[in-house]
J.: 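Sharing a structure with you now.
Quantities reported herein were computed from a predicted structural model and do not represent experimental measurements.
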Amino acid sequence: MPVINRIAEFHDEITEWRRDIHAHPELQFDVHRTATLVADKLKEFGVDEIATGIGRTGVVGVIKGRQTGSGKVIGLRADMDALPIHELTDRSYKSKTDGVMHACGHDGHTAMLLGAAKYLTETRNFDGTAVVIFQPAEEGGGGGREMVNDGMMDRFDIQEVYGMHNWPGSPVGQFAIRPGPLMAAADLFTIDITGIGGHAAKPHLSNDPIIAATHIVQSFQTVVSRNADPLHSAVISVCQFQAGDTFNVIPQNAHLCGTVRTLTKEMRDLVEGRMTEIVKHTAAAFGLEANIDYQRNYPVTVNHEAQTEVAASVAGQIVGEDKVDTNVLPVMGGEDFSFMLNARPGAFIFLGQGDTANVHHPMYDFNDEIIPVGCSYWVRLVETAMPAQ
Ligand code: NI
């Protein structure tokens, strides 16, 4: 069963919404225009209940099926926020806000879920309740965490949750998923090293924090190569190294920061523990002080077995089973949907968007061709998981 005809009829309309959102990108929790647009559309479609301001600026819409006797309630989630990147495309609908753009396709995610909401409200061909979730601040701000902490799951009796992300480099009409860890925990660390500054020509009267910092950066490489089981993944990337202001002064301080990605709790504990030891003992070896602030941000995105099976089979209904990779390798990117999956069973799926610029690139643009595929997936998921009697 391919794309749903009625949804194909909405394609142009959904594309217009998508491009309108694209032209007006908003960051983190400040998605006021987008959230208003979403709430207005849901109202226009006639969904049964709309709640705004969930998790600060999230929007939730409740759509009851023609029957609700099954008592089932399924949540479908899209993200609404953009990125602090200056768009370099020459699209007619390119970002109207300098330095902000939809470079991760959340404009497309929001538009596709709106399209599904429109169809589901019109047809209501299911036995249960579909809850459409539009979250702010996926890009590092933890909007998903905020919505969960705001009591969304209990308030709307959500029993299962599903998410979707477009995937550049994978062909249009191809899905990818796997049970278990799909995306990494994304943590951040900052390290401050305090030395003794002085004249560059008299190093013996100083204690150079740059030397200690370089040793710390080097030693971090051994956590992945020597401490981690080679069959389990971890990434430590030091992405900022700041020290000194000029060529003839040994600075007083050095500052490092970066990110850690892991796919299991054990690996996360191991990496945090080793990094903390390395910082403390390396600094001590050089006779100076260092402090590491390690922050656990997004947890691992773990797909639940039963819901992954449902998601994969629904994807297969839309594009054909041979176009669904059910054992894709996990990726080390993080995803805030992980908080929802920690709260309720569910599954996150990747939808190929063809050979486009990658996400978070200034030339990226969501591929409108995939709209009917993504929308049909949402709709069939609801109709399959909560079949009308
Ligand atoms: Ni994204």
J.: Give a yes or no on whether Asp245 atom CG has more than 12 heavy-atom contacts from other residues, nucleotides or ligands under 6.0 Å away.
T.: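 Counting other residues, nucleotides and ligands, CG of Asp245 stays at 12 neighbours or fewer.
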J.: More than 12 heavy atoms of other residues, nucleotides or ligands under 6.0 Å from CG of Asn5: is that the case?
T.: no
J.: Between Glu289 (side chain only) and Ala283 (backbone N and O only), is there a donor and an acceptor less than 3.5 Å apart?
T.: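 Checked: no pair found.
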J.: Is the terminal nitrogen or CZ of Lys323 (NZ for Lys, CZ for Arg) located under 6.0 angstrom from the six-membered ring centre of Phe175 and within 45° of that ring's axis?
T.: no
J.: Would Glu122 and Arg6 pass as an ion pair if we require N to O under 4.0 Å?
T.: yes
J.: Which atom pair, heavy atoms only, marks the closest approach of Ala347 to Leu341?
T.: N-CD2, 3.6 Å
J.: Please work out which of the three classes, parallel, tilted or perpendicular, describes the rings of Phe286 and His215, given edges at 30° and 60°.
T.: tilted
J.: State whether Arg344 and Asp154 are salt-bridged, where the test is any N-O pair (Lys NZ or Arg NE/NH1/NH2 against Asp/Glu carboxylate O) under 4.0 Å.
T.: yes
J.: I'd like to know if Arg296 pairs up with Glu272 as an ion pair, taking the criterion as any Lys NZ or Arg NE/NH1/NH2 lying under 4.0 Å from an Asp or Glu carboxylate oxygen.
T.: yes
J.: Do Arg19 and Asp368 sit within salt-bridge range, that is, some charged N less than 4.0 Å from a carboxylate O?
T.: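 Yes, this pair counts.
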J.: Tell me whether the rings of Phe366 and His109 are parallel (<30°), tilted (30 to 60°) or perpendicular (>60°).
T.: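 Rings of Phe366 and His109: perpendicular, over 60°.
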J.: Is the closest basic N to carboxylate O distance between Asp336 and Arg145 below 4.0 Å?
T.: no
J.: Taking the ring centre of each residue, are Phe350 and His165 less than 6.0 Å apart?
T.: no
J.: Is a salt bridge present between Arg274 and Asp269, judged by a nitrogen-to-oxygen distance below 4.0 Å?
T.: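 A salt bridge is absent here (no side-chain N lies under 4.0 Å from a carboxylate O).
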J.: One thing to verify: whether Arg18 and Asp20 come together as a salt bridge, which I'm taking to mean a side-chain N less than 4.0 angstrom from a carboxylate O.
T.: no
J.: Given side-chain contact (heavy atoms from CB on, under 4.5 Å), test Ile74 with Thr129 step by step and report yes or no.
T.: CA-CA 6 Å; Ile74 286 185; Thr129 303; over 6 Å; no
J.: Could you report the tightest heavy-atom contact between Ile216 and Ile278, atom names first, then the distance?
T.: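 Distance-wise, the nearest heavy atoms are O-CG2, 4.3 Å.
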J.: List the steps, then state whether side-chain contact (heavy atoms from CB on, under 4.5 Å) holds for Trp17 with Phe10.
T.: CA-CA 11 Å; Trp17 305 338; Phe10 298 160; over 6 Å; no
J.: For the pair Arg66 and Asp127, find out whether any cationic side-chain nitrogen is under 4.0 Å from an anionic carboxylate oxygen.
T.: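 Answer for the salt bridge query: no.
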J.: Please evaluate residues Glu383 and Lys72 with respect to the criterion salt bridge (charged side-chain N to carboxylate O under 4.0 Å, His left out), reporting the C-alpha separation (whole Å), side-chain torsions for both, the decisive distance (0.1 Å), and the verdict.
T.: CA-CA 12 Å; Glu383 294 174 347; Lys72 284 194 81 173; over 6 Å; no
J.: Decide, yes or no, whether a salt bridge links Lys118 with Glu9 under the criterion of side-chain N to carboxylate O below 4.0 Å.
T.: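 Salt bridge: no.
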J.: How many angstroms lie between atom CD of Gln28 and atom CE of Met80, to the nearest 0.5 angstrom?
T.: 12.0 Å
